[in-house]
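One structure is given here, and the rest of the page talks about it.
Being a predicted model, the structure only gives us computed values, none of them experimental. Protein chains get the first letters and strands the later ones, always in sequence-line order, with residue 1 at the start of each.
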2 protein chains.
Amino acid sequence: MFAILRAMDAKEQLRDAAERLALTLAQGGMQKTTARVMTALLYTEQDTMTAADLCEELSISSGAVSTAIKQLIPVGLVERVPAPGSRRDHYRFREGAWATLMSQQNTMLNVMLHAAQEGIDATGDGTPTARRLREMQDFYTFMARELPAQIESWRKQYQG
Amino acid sequence: MFAILRAMDAKEQLRDAAERLALTLAQGGMQKTTARVMTALLYTEQDTMTAADLCEELSISSGAVSTAIKQLIPVGLVERVPAPGSRRDHYRFREGAWATLMSQQNTMLNVMLHAAQEGIDATGDGTPTARRLREMQDFYTFMARELPAQIESWRKQYQG
DNA sequence: CAGTATGTTTACAGATCTCTGAAAGCTCGA
DNA sequence: TCGAGCTTTCAGAGATCTGTAAACATACTG
């Protein structure tokens, strides 16, 4: 009678955690479905999932899965793994994906750096604009140097 | 006759740089109008801008400006400055905004850390899931420790 | 080589989001 | 306390985005 009050089983908890993380990532700019696919692959208790698995788990169409995967693979978060004995494609959350994800920030850092330079080139010294852009340039120069080093440092520490 | 071929003047270049950066930020998850307001304040040759300035510069309504500002102020990217002699509010791109922006990443790092822990709590050892989540936990633990230190390090170096 | 199982693309529909315009709400000076 | 000058809020219009379904492409199997 009180079975309904039982604690969530592990599977439910994982699914729940997946959905919540997906929501957060979505708020951070990632497409909602893309985020859901990614977190499903992260929290699944299987090693890999097929497109059909993802359709069912997330209740979305195969088209949506295809689109999401198409976004996740190029950025290195997910990989397609050969599936011997199965005709279906299998997908797996990629090792080192988090470091990869953080590395993408790096591209952004360089965009910012470039943007600062552009502004500096177009404005005279001694203006408020110049001061603001100098700070921007200084900050992103620093970060563009330090962040990759940090990530590399983690990679070494984790593997070694 | 060939006046149309002249080089863009500085003002145009700045406006252009502003719009391009805004676009990039928008692709990175920031609201489009919010990004435009932010970059307008960054690249303007004035020290501060009023809401009316922003309306005109960006060709948007005052409501849109209000909404954008409402998002930018709490996160510390823009500040409202008292404007003696003017009844209008003046807004200024805030000093140290970039470091602030990067610090927000920190919140994200902790969300990720929490998400990893949740998953680990819900799954058994030795599973692929556990391995993935351990890596995630390790990475974000590392980053949550190192990133703030880096930012602090920049602040010291820039000010001193 | 044909048939079948799967993945991908596309046009359209539905949902969501964001801007605008107008009205309401503040704030400050008189 | 009133009123002018701005800002904020809100409902609705418009645009954008995204998922679905179905057609299409591809790759395996017998």
Side-chain angles (χ1 to χ4, degrees), chain A residues 18-19 22-41 44 46 48-75 77-94, chain B residues 18-19 22-41 44 46 48-75 77-94:
Chain A
E19 289 295 338
L23 207 64
T24 302
L25 291 170
Q27 285 168 350
M30 190 180 283
Q31 299 249 349
K32 197 169 133 200
T33 300
T34 305
R36 292 183 74 212
V37 167
M38 176 177 153
T39 56
L41 287 166
T44 180
Q46 309 170 40
T48 64
M49 290 178 86
T50 65
D53 288 341
L54 288 163
C55 289
E56 194 189 329
E57 172 72 28
L58 303 173
S59 307
I60 56 177
S61 72
S62 65
V65 170
S66 176
T67 304
I69 293 287
K70 195 168 58 178
Q71 297 185 298
L72 289 168
I73 287 185
V75 296
L77 294 175
V78 162
E79 61 190 345
R80 203 182 304 257
V81 296
S86 164
R87 196 178 290 182
R88 301 178 176 190
D89 284 359
H90 286 235
Y91 302 101
R92 178 198 289 155
F93 190 84
R94 197 167 172 193
Chain B
E19 288 296 339
L23 208 65
T24 302
L25 291 171
Q27 285 169 349
M30 189 181 283
Q31 300 247 341
K32 196 170 134 200
T33 300
T34 305
R36 292 183 73 213
V37 167
M38 176 178 153
T39 57
L41 287 166
T44 179
Q46 309 170 43
T48 64
M49 291 178 87
T50 65
D53 289 340
L54 288 163
C55 289
E56 194 189 329
E57 172 73 28
L58 303 173
S59 306
I60 57 179
S61 72
S62 63
V65 170
S66 176
T67 304
I69 293 287
K70 196 167 58 179
Q71 298 184 299
L72 290 168
I73 287 185
V75 296
L77 293 176
V78 162
E79 61 190 344
R80 202 184 304 258
V81 296
S86 164
R87 196 176 289 183
R88 301 181 175 185
D89 285 357
H90 286 234
Y91 302 101
R92 178 198 287 155
F93 190 84
R94 198 169 170 191

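Note: CD (Q71(B)) to C1' (dT8(D)) measures 14 Å, nearest angstrom. As rounded to whole Å, 10 Å separates atom C1' of dT16(C) from atom NZ of K32(A). Across the protein-nucleic acid pair, M49(A) atom CE and dG7(C) atom P stand 13 Å apart, rounded to whole Å. Whole-Å rounding puts the Q31(B) CD to dC17(D) C1' distance at 14 Å. The nearest whole Å value for the distance from the CZ atom in R80(B) to the P atom in dT27(C) is 11 Å. Computed from coordinates, the Q27(A) CD to dC17(C) P distance equals 11 Å when rounded to whole Å. Between I60(B) atom CD1 and dA15(D) atom P there is a gap of 17 Å when expressed in whole angstrom units. For the pair D89(A) CG and dT6(C) P, the computed distance is 11 Å after rounding to whole Å.
Here dC6(D) is the nucleotide among dT8(D), dT8(C), dC6(D) with the atom lying nearest to any side-chain atom of R88(B). When distances run from any side-chain atom of A64(A) to the nucleotides dT8(C), dT20(D), dT8(D), the shortest one goes to dT20(D).
Minimum heavy-atom separation, A40(A) to L58(A): CB-CD2, 4.1 Å.
Residue T34(B) is out of contact with every strand shown, counting any heavy-atom pair closer than 4.0 Å. At the heavy-atom level, A51(B) lies under 4.0 Å from the strands shown only through sugar-phosphate atoms. When heavy atoms are screened at a 4.0 angstrom cut-off, R36(A) is found touching no nucleic acid atom at all. Within 4.0 Å of I69(B), counting heavy atoms only, lies no atom of the nucleic acid at all.
From Q71(B), atom CD reaches atom CD of Q31(B) across 4.5 Å, with rounding to the nearest 0.5 Å. To the nearest 0.5 Å, atom CD of residue E79(B) and atom OG1 of residue T48(B) are 10.0 Å apart.
The number of heavy-atom neighbours closer than 6.0 Å to CD of Q46(B), taken from other residues, nucleotides and ligands shown, is above 12.
The closest side-chain heavy-atom distance from M49(B) to Y91(B) is not below 4.5 Å.
Heavy-atom nearest nucleotides on DNA chain C were determined for K70(A) and for R87(A), and the one closer to the 5' end corresponds to R87(A).
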